[in-house]
Structures are given as structure tokens and as C-alpha cells.
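Taking it in order: structure first as C-alpha cells, then the write-up.
Being a predicted model, the structure only gives us computed values, none of them experimental.
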Amino acid sequence: MLIKKILLSLLILIAATSAAQAAEQKAEPSFAERKANLSEISAIRVGYGAGTIRIVVDMTKKVDFTESYVENPSRIIIDLKNSWLSPTVQREIELKSLAAKKIRVAQFNPTTVRLVIESMAEIKPFHLDGGPKGHRFIIDVGNADFKPNPEVNNSKPNDNAELKAKQDAELKAKQDAELKARQDAELKARQDAELKAKQDAELKARQDAELKARQDAELKARQDAELKARQDAELKARQDAELKAKQDAELKAKQEAELKAKQEAELKAQQDAELKARQDAELKAQQEAELKAQQERERELERREQELARREQELKEQQERELKEKQERELKEKQERELKAKQERERELEKREKELEKREKELKEKQERELKKQQEREKKEKLEREIKEQREREKALKEKEKQERRDKKNKDKKDDSDDKSKEVDTPFTELEEDLDKITALEGKKIVIDPGHGGNDAGAIGPTGVMEKNVTLKVSLELKRMLEAEGAEVILTRETDRTVSEKGAKASDIEELGARCDVANRNKADIFISIHADSFTRPEARGTTGYYYSKSTTGRGQKLADCIRRNLVEQLGTPSRGTQPCNFYVVKHTDMPATLIELGFISNKEEEKLLDSKEGVKKAAQGILDGIEDYFG
């Protein structure tokens, strides 16, 4: 019975040892078995481009990857799953860039290769088919300062250099292949030797255990046989006791076997529980690491978003400062603008408020409007050229008639002073009245508004010429010419002053309203406001006529067009057309009204023309001709 127990224990020990070895061999596959299912990382290459660094990882097949960011110091970590690192791969690579300093690579665990890039620049990882090993993993690192890599020739070589480079590449490939084959052979030999030594040691240990168990069993069997021989003599007397002992022994053996089986089951359950706990712990650790990496990425993203928000806030504040400065500058330089009416300022203010979000749209619309205006100007100029000869003939005839009338009038006045006879005076007086009736301006009441004045200088030219002085000179000369034609002329101002009684304390609306009151109170036939244009670009030039399109008289456009056309002929400036507007002085006058921009005082050539005596006379003559065309 004792021999059976010993043999049973020995068999259980042998079975447990075999199961443990099989489980160990099954749990830990050899490197050769793992290698067959992994992608080989055979080389890492670095290239430099304009503002980027490209890292190329040569591998045998495509693998999954994860990326994470770590600070202090700043690093980008990329784990290549299901891959192994060839011994020939350089473990550290120095980068010649301010954005990325170094690349480190290592076998992180049996199935993962880890790349660490010392940088926090933006990266773009992706896969590409092809390459020395059949596949490539690309990492583009952005925001890098371009510095040529002395190990990589980026310039275009000549034929000899290409041949030498090709030969060097073939030689290096051959050497790398021989080195890899030798290293693989040495690695396989070392692995085979380690495996054989391990198997020999396990076999010797198993054989020693079996021999010792067999010897112990034989010794025990011999001792039991001798004991049994001694006990045979007493067998009969002790049969009942031996039977009972046998039954007790069998019961105990059965209990021990059941206990052993129960202990093995508990041991297996404990091992399974430990294995599951270890796997759960590893999974939890991996999940925690991934969660930590995700949190790091989220923190980094939050930091970048905060930085972006800060930059946007700074940009917004800068834009607001610039907008405020621009508003103050525009307020200070309001003299330089062609339009001083309230509605125009409101439209300009609205335009500035929407400028940040509509700048591109407004620029496009402005270009389209300028193109349309240019087309309209070209069309009108063509039409004007076609009728120019007829107008010149009519103008020459009119000038001749005017000159004859002036000569006749002067002669009549002289005769009037010399001749005291009533009989002689009466016919000449009648003749003079008849001649006065010939002019279209006789008895017309015209209000001329010299733009700006007083503390409002208007626009200021490159050499310091002020708009208020130009408009006053032209208005005074125009008044002289109109009165010579028999018109009644009223100027809103005849000196350098404001029109409103409040003077410098008057608001813009009060000042503009005072100018309109002069025309409305005197029941003028027409109202003409004279200005000089200005723009931030000094090349802008030309003459423009403005009118209020919703005027009840409906004749403002004709007045503006007649004056603008004659000004262009006299001054020789480009025509910018006749355009509708919402200017205060043309909107709030009860008669046909126009606002005329003589030219751009911000343009050096037109500033010089408008500031000259000849330019003032030409401008006054052009407006006079336009008024005569309008009333003619």
C-alpha cells in the first residue's frame, strides 16, 4: 500500500512538472516565433526641407502606432506596435534644427518599438508603401528652421557625383546586408544555444528527479518487503488488525488523493486568479498610461487653445487700438475727406465697425464698383469725345457772342457817360437791355458754398495746401465771373471763417445746416458746394460731381453732370463721373444742388494745379461754363 502511495505521488509530481514546462513553453514563445509575426524596423533616415523635418522609418509592413506628448523636457513619443528593432539601426540621431534636437529609438517591449523626438512642434505621421523594406512610416515635424544636413546632400549632383553616390549606396547596401546576415546568424546561433542549454538542463533535472524517485521507491519497496516478511509470522494473529489498518490506509489514501486534487484545483484557481489579476493590473496600468497620455494631450491642447485665445485677444486689442487710432486720425483729418455730411459719416462709421469681418468682401465689391465706374467713365468719355467737336463749335460761337456783347456793353457804357442827350441815351439803354437778355444767367440767383473754413481746414495736400483756401479762391473768382454775366451770387462765406453763428463751438450738423439755410432763405435757383478730394493713396486723381438722387427737383444730376464735364475740359483732370450721394448740403437744400470735387489735393500734381492762379481761373471757368450749359 505504501508503494502505491509513493508511485502515485511520483506520477503526480512528474505530471505537474511536465504541465509547468508545457505552460512555460506555451506562455513564452521563442524570439524566432515572435519575429515571424512582427514588422522589422531596418533603418531610420532624416531629411530637411523648407521649414520641416521628415523622419523616414523603413519597415517590412504597416503597423499601428500611438503618439503622445511629454513635458520637462518637451518630447514627442511614438510607439510602433507589432514591430522589432534591427540591431543595425542607429539608436540616437542628432537633428540640426531649433524645433527638434534629437531622435532616440529602442525596443520598448517584446512587440513595441518606441521613438522619442525631443521637440514639441506639430507632427504629421503617416504610412507610405515602398522603400528598401517594402514599407515606410513618415513623420513630418513642422515649424523647423531649415538647416542643411551635412550627412544628406540636398543639392543636385553632377553625373560623376551621381555615379559615386550610386556606387557608395550599393556598397553600403551590400555591407549592411552582410552585416545583417552575420548578426542574424549570430543571434540565431546564440538563441539556439540558449534554447538547447535550457532544454538540456530541464531534461537533466527531470531525469535526476525520476532516478531519485525510482531509487527511493525501490528502497522503500525493499524495506517494506523485509518488514512484510517479519510481519508474515504474526499475520494470522494480526489479520483483523491488518484488515482494519488496510481499510484505514485505503480510506486515508482516498482522502489524501481527494485532498491533493482539491489542493491542485485550488492552486490552479489561485494561479488563474493571480494571472487574471496580473493581466487586469497590466491592462489597468496600460489604460492609466493611455488616460494620462490623453490627459497630457488634452492639457497641451487646452494650453494651445489658451495661447490661441490669448493671441486672438491681443490681435483683437491691437485691431481695436488700430481702429481707434484710425478713427481718431480720420476725425483729425476729416478736412482731407470729400464728404462732411452726417449721413456720409454715419455710413463711414458703419463701414469701419464692420470692416474687420467684411474687409475682403468690401475690397471685392470696391474693385467691382471701380471696374464698373471705369467702364462707365470710358463709355461716357467716348460719348463725350464724339460730341466734343460739336460742343467746341457751340462754345466758340457762344464765346464769340459773349465777347461781342461785352465789347458792345463797354462801348455803350462809354457812350453813356459822354452823351448827355436823353434822345441819344434812350436807344442805347434799350440796346443794352436787349443784350443783357441774351445771357442765360441774367437774374439767376446762385449760392456758392466754399467748403470748410475757420477751424475746419479740410484736406491738406502733400506740401501743406489746405482745402479751405482752395475752395475760397475758386468761389471768389467764380463769383466775379458770374456777376459779370448778370447773375446774383451769394457766398456762404467770403473769408476764412465758419458759417454757423456758433463758430468753432458748432457741431458738424449745425455748420452744414447753416450753409443750407443760406440757400433756402435766399430762395436760390441753384446751390453749388465746392470741395477738393483726398485719399490715402497719393496716385488717386480726377474730378467728380455728386447729387442727391431723391431730390424733389430732379435736376441735381443734370447740374452736377454739366459742371463736372466742363471742369474736366478746363483742368484736364480725369473724369470720375457723376455719382449719387447722401451728402447733407445737397440733401437739405430746396433747389437743384451739387457738390463738386475739383480734384485730389492729396495728389501732388493736382494739389499744385489747384493752388496756382491758372488752376483757380480754369476751375472757375469750368464751373461757369457748366452753369451756362445747365441754364442754356
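For residues 445-475, every residue pair satisfying the ring-ring contact (aromatic ring centres under 6.0 Å, His included) rule, not counting sequence neighbours, is listed here: His452-His531. Residue pairs meeting the salt bridge (Lys or Arg N to Asp or Glu O under 4.0 Å) criterion with at least one partner in residues 489-498, sequence neighbours excluded, are Lys468-Asp496. Here ring-ring contact (aromatic ring centres under 6.0 Å, His included) pairs that include residues 538-575, with residues two or more places apart or in two chains, are Tyr546-Phe583. Identified under the salt bridge (Lys or Arg N to Asp or Glu O under 4.0 Å) test for residues 453-462, with sequence neighbours left out: none.
Partners of Ser68 by side-chain contact (heavy atoms from CB on, under 4.5 Å), not counting sequence neighbours, listed by chain and number: Ile77, Ala293, Arg297. Glu322 meets the side-chain hydrogen bond (donor to acceptor under 3.5 Å, both in side chains) test with Gln318; sequence neighbours excluded. Remark: Asp525 engages Lys444, Lys445, Phe631 in a side-chain contact (heavy atoms from CB on, under 4.5 Å) (not counting sequence neighbours). Not counting sequence neighbours, the partners of Glu317 by the side-chain hydrogen bond (donor to acceptor under 3.5 Å, both in side chains) test are Gln313. Applying the side-chain contact (heavy atoms from CB on, under 4.5 Å) rule to Ser74 yields the partners Met120; only residues at least two apart in sequence or on another chain are considered. Partners of Glu614 according to the side-chain contact (heavy atoms from CB on, under 4.5 Å) rule, which considers only residues two or more places apart in sequence or in another chain, are Ser612, Lys618. Applying the ring-ring contact (aromatic ring centres under 6.0 Å, His included) rule to Phe527 yields no partners; only residues at least two apart in sequence or on another chain are considered. In this structure Glu307 satisfies the side-chain hydrogen bond (donor to acceptor under 3.5 Å, both in side chains) test together with Arg310, Arg311, sequence neighbours excluded.
The backbone N or O of Ser500 sits less than 3.5 Å from a side-chain atom of Glu511, completing a donor-acceptor pair. The main-chain N or O of Gly542 is found under 3.5 Å from a side-chain atom of Glu606 such that the two form a donor-acceptor pair. Without hydrogens or angle criteria, Ser534 side chain to Ser602 main chain gives no donor-acceptor distance under 3.5 Å. In terms of modelled atom types and a separation under 3.5 Å, the side chain of Glu118 and the main chain of Lys101 share no donor-acceptor contact. Judged by distance alone, the side chain of Asn522 and the main-chain N or O of Ala524 form no donor-acceptor pair under 3.5 Å. Side chain of Asp140 to backbone of Arg54: no donor-acceptor contact under 3.5 angstrom is found.
Closest heavy-atom contact between Ile446 and Leu482: CD1-CD2, 4.0 Å. When all heavy atoms of Thr471 and Ala532 are compared, the closest pair comes out as CG2-N, 4.4 Å. The minimum heavy-atom distance between Thr492 and Pro450, with the atom names listed, is OG1-CD, 3.2 Å. Taking every heavy atom of both residues into account, Ala593 and Thr589 meet most closely at CB-OG1, 3.3 Å. In plain terms, the two heavy atoms of Gly453 and Thr498 that are nearest each other are O-CG2, 3.8 Å. Across every non-hydrogen atom of Ile53 and Ala100, the tightest pair is CD1-CB, 4.1 Å.
A salt bridge does not link Asp590 with Lys523: none of the charged nitrogens is closer than 4.0 Å to a carboxylate oxygen.
The closest side-chain donor-acceptor pair between Tyr630 and Arg555 falls under 3.5 angstrom. Side-chain contact check for Arg541 and Thr573: no donor-acceptor pair (N or O, by modelled atom type) lies under 3.5 Å.
To the nearest 0.5 Å, the span separating OG1 on Thr543 from CG on Leu571 amounts to 5.5 Å.
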Show your reasoning for whether salt bridge (Lys or Arg N to Asp or Glu O under 4.0 Å) applies to Glu300 and Arg304. CA-CA 6 Å; Glu300 176 64 19; Arg304 292 182 179 180; 3.0 Å; yes
Side chain to side chain contact (heavy atoms under 4.5 Å, CB included) for Glu485 and Glu628? Distances and angles first, verdict last. CA-CA 10 Å; Glu485 295 297 323; Glu628 289 179 339; 3.8 Å; yes
Under the criterion side chain to side chain donor-acceptor pair (under 3.5 Å), I'd like the reasoning laid out for Glu607 against Thr463: C-alpha separation, chi angles, the key distance, then a yes or no. CA-CA 8 Å; Glu607 177 198 32; Thr463 64; 2.7 Å; yes
Would you sort out whether Tyr69 and Arg299 count as a side chain to side chain contact (heavy atoms under 4.5 Å, CB included), showing the intermediate values? CA-CA 10 Å; Tyr69 298 84; Arg299 284 196 294 272; over 6 Å; no
Between Arg565 and Asp625, is a salt bridge (Lys or Arg N to Asp or Glu O under 4.0 Å) present by the stated rule, with each step listed? CA-CA 9 Å; Arg565 186 169 59 249; Asp625 293 343; over 6 Å; no
List the steps and the verdict of side chain to side chain contact (heavy atoms under 4.5 Å, CB included) for Ile123 and Ile78. CA-CA 11 Å; Ile123 67 169; Ile78 298 178; 4.1 Å; yes
Kindly indicate, with the supporting measurements, whether the criterion salt bridge (Lys or Arg N to Asp or Glu O under 4.0 Å) is fulfilled by Asp561 and Lys558. CA-CA 5 Å; Asp561 193 57; Lys558 178 183 178 183; over 6 Å; no
Do Lys324 and Glu320 pass the side chain to side chain contact (heavy atoms under 4.5 Å, CB included) test, and can you show the C-alpha distance, the side-chain angles, and the key distance before you say yes or no? CA-CA 6 Å; Lys324 184 177 180 181; Glu320 289 176 351; over 6 Å; no
Glu483/Lys479 under salt bridge (Lys or Arg N to Asp or Glu O under 4.0 Å): CA gap, chis, key distance, verdict: CA-CA 6 Å; Glu483 288 178 341; Lys479 180 176 183 294; 2.6 Å; yes
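The local environment of CD in Gln294 is crowded, with over 12 non-hydrogen atoms from other residues, nucleotides or ligands closer than 6.0 Å. For Glu501, the CD atom counts as loosely surrounded, since its 6.0 Å shell holds 12 or fewer non-hydrogen atoms of other residues, nucleotides or ligands. For Lys608, the NZ atom sits in a loose shell: 12 or fewer heavy atoms of surrounding residues, nucleotides or ligands are nearer than 6.0 Å.
Within the 4.5 Å cutoff, side-chain heavy atoms of Glu477 are placed close to those of Arg480. Under the 4.5 Å side-chain criterion, counting only non-hydrogen atoms from C-beta, Tyr584 is not in contact with Arg515. Looking only at side-chain heavy atoms (C-beta outward), Val141 and Ile76 stay at 4.5 Å or farther from each other. Looking at heavy atoms from C-beta onward, Ile601 lies out of side-chain contact with Ile460 at the 4.5 angstrom threshold. Using a 4.5 Å heavy-atom threshold, the side chains of Gln557 and Ser549 count as separate. Looking at heavy atoms from C-beta onward, Ile623 lies in side-chain contact with Leu598 at the 4.5 angstrom threshold.
Among the candidates Asp449, Ile563, Val585, the single residue satisfying the side-chain contact (heavy atoms from CB on, under 4.5 Å) test with Ile528 is Ile563. Test Leu610, Leu609, Val616 against Val470 for side-chain contact (heavy atoms from CB on, under 4.5 Å) and you get one pass: Leu610.
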